[in-house]
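Structure first, commentary second.
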Amino acid sequence: MIVTFSDLLAEADRRGAAVGAFTAYNLEGALAVLRAAEERSDGVILLVSSQAFAARGGPLLVAALRAACERAAVPCCVQLDHAADLTMMEAALDAGVGALMADGSRLPFDGNAELVTAAVRIARRFGAGVEAELGHVAGDEELATAAARGALTDAAEAADFAERTGADCLAVSIGNVHGRYARPPELDWERLADIRRQIALPLSLHGASGLPDADLARAVRAGIRKVNVNTELRERWFEVLAERADALREGAQLLALNEELIGALALVAAAKLELLSSDPP
Ligand code: 13P
């Protein structure tokens with residue numbers, strides 16, 4: 001069932017857990033994530049990357065993901081991820097997303113705040129939520145190259161930013177990166193605690209692929225309420241293709257291949273969801 005972005009985050013907060021947000025590029029990817037969430041009875045977010053939305057069929061992808069969420073047995077929401085363009089954000093809301101990530105993290109503070117404020121104004125017309133980013137989570141969202149940490153979130157700025165923009169969730173940069181980690185990750189736990197003290201807004205952690213399990217569980221204990229995962233799903237997709245393509249090419253067994261992809265990606269999503277629960281292993 002579809003619920004609002006804020007309701008998903010509030011429910012996670014009540015449990016001392018985090019909502020898993022997973023990028024889906026097609027129906028199989030979405031079904032894998034929903035299967036994992038349904039098996040665990042966890043709410044979940046399906047992310048559409050801004051490049052996927054801009055690609056041919058982007059609005060159709062949103063419609064398909066929304067339809068899958070409507071039929072799911074758990075609370076879910078579709079979110080446009082990392083958009084910096086207000087026209088694209090409005091098009092995605094028209095297409096059916098329930099949340100935006102308005103990413104002004106490449107802009108100076110004032111420009112970022114202005115972008116997010118404008119995004120919030122548009123989103124409210126659709127009853128949708130908005131996530132913002134302060135500091136910059138480095139790394140490419142579509143190309144899994146090794147990345148070094150970007151500009152870290154300043155806790156004092158975060159309070160001002162939250163108040164000025166009216167965002168519903170703030171993505172923090174505390175040593176997390178998109179894609180692969182160039183060096184073993186060292187998250188800045190003191191900074192996270194400081195940000196937590198400064199603002200009441202739910203915080204999100206991007207770049208979960210490649211973070212040690214213990215770090216993810218600790219981040220949730222430290223107050224992170226949303227965690228984004230993409231690269232590990234894309235990597236698993238290619239692994240399954242490499243492992244199974246030869247056998248399934250015989251007879252062109254496309255449905256069987258789809259089923260294997262869904263099963264394999266569901267395991268990746270389930271393992272992450274386990275770590276985001278209030279009571280990880
Ligand atoms: P990873 O690709 O590192 O998992 O990051 C995903 C993400 O943060 C999407 O916004």
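Keep in mind it's a predicted model, so treat the numbers as computed, not measured.
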If I compare all heavy atoms of [X] with all of [Y], which pair ends up nearest, and what's the gap?
X	Y	result
Ala54	Met88	CB-CE, 3.8 Å
Gly129	Ala123	O-CB, 4.4 Å
Ala119	Met89	CB-SD, 3.6 Å
Ala167	Val116	CB-CG1, 4.0 Å
Ala208	Val227	CB-CG1, 3.4 Å
Ala52	Val48	CB-CG1, 4.3 Å

Is there a donor-acceptor contact under 3.5 Å from the side chain of [X] to the main chain of [Y]?
X	Y	result
Thr153	Leu134	yes
Ser50	His82	yes
Gln79	Ala99	no
Arg121	Thr117	no
Arg234	Glu142	yes

With the side chain counted from C-beta on, respond yes when [X] and [Y] share a heavy-atom pair under 4.5 Å apart, and no when they do not.
X	Y	value
Phe22	Leu273	yes
Val3	Met1	yes
Leu275	Val220	no
Ile195	Leu203	yes
Asp168	Pro202	no
Leu47	Asn228	yes
Ile45	Leu8	yes
Val78	Cys69	yes

Let me check something: do [X] and [Y] share a hydrophobic cluster, defined by ILVMFWY side-chain heavy atoms less than 4.5 Å apart, either directly or through other members?
X	Y	answer
Val240	Leu34	yes
Leu115	Leu80	yes
Ile122	Val97	yes
Val44	Leu216	yes
Ile224	Val19	no

Would Arg66 and Glu70 count as a salt bridge (Lys or Arg N to Asp or Glu O under 4.0 Å) here? Give the steps.
CA-CA 6 Å; Arg66 198 183 155 93; Glu70 276 163 359; 3.4 Å; yes
Give, for atom [atom1] of [X] and atom [atom2] of [Y], the distance between the pair rounded to the nearest 0.5 Å.
X	Y	atom1	atom2	result
Gln51	Glu141	CD	CD	6.0 Å
Leu31	Leu261	CG	CG	11.5 Å
Leu100	Asp81	CG	CG	10.5 Å
Leu65	Cys77	CG	SG	11.0 Å
Leu267	Lys272	CG	NZ	13.0 Å
Leu201	Arg225	CG	CZ	12.5 Å

Quick one: which of Arg249, Glu260, Gln253, Glu239 gives a side-chain contact (heavy atoms from CB on, under 4.5 Å) with Arg244?
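Result for side-chain contact (heavy atoms from CB on, under 4.5 Å) with Arg244: Glu260.
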Please say whether more than 12 non-hydrogen atoms of neighbouring residues, nucleotides or ligands are located less than 6.0 Å from CD in Glu163.
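For Glu163, atom CD is not crowded (no more than 12 foreign heavy atoms under 6.0 Å).
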Would you check, one step at a time, whether the test side chain to side chain contact (heavy atoms under 4.5 Å, CB included) holds for Tyr25 with Leu233?
CA-CA 10 Å; Tyr25 292 88; Leu233 292 170; over 6 Å; no
Could you tell me whether [X] and [Y] make a salt bridge, using a distance below 4.0 angstrom between a side-chain N and a carboxylate O?
X	Y	result
Glu133	Arg106	no
Arg15	Glu11	yes
Arg35	Glu259	yes

Among residues at least two apart in sequence or on other chains, which ones pass ring pair (Phe, Tyr, Trp, His ring centres under 6.0 Å) with Phe161?
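With neighbours one apart ignored, the set is Phe109.
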Just distance, no hydrogens or angles: give the donor-acceptor pairs under 3.5 Å from side chains in residues 169-176, sequence neighbours left out.
residue, atom, partner, partner atom, Å
Ser173, OG, His136, O, 3.2
Ser173, OG, Ala151, O, 2.8
Asn176, OD1, Ile174, N, 2.7
Asn176, ND2, Val172, O, 3.1
Asn176, ND2, His206, O, 3.0

Could you note down all residue pairs passing side chain to side chain donor-acceptor pair (under 3.5 Å) where residues 189-201 supplies at least one of them, sequence neighbours left out?
Asp188-Arg191
Go through Leu205 and Lys226 one step at a time and tell me if the side chain to side chain contact (heavy atoms under 4.5 Å, CB included) criterion holds.
CA-CA 6 Å; Leu205 186 73; Lys226 170 178 184 270; over 6 Å; no
Would Glu114 and Arg164 satisfy salt bridge (Lys or Arg N to Asp or Glu O under 4.0 Å), going step by step from the backbone distance to the final call?
CA-CA 9 Å; Glu114 275 163 31; Arg164 270 174 64 172; 5.3 Å; no
Pair Glu186-Tyr181, side-chain donor/acceptor within less than 3.5 Å
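No - no donor-acceptor pair under 3.5 Å links their side chains.
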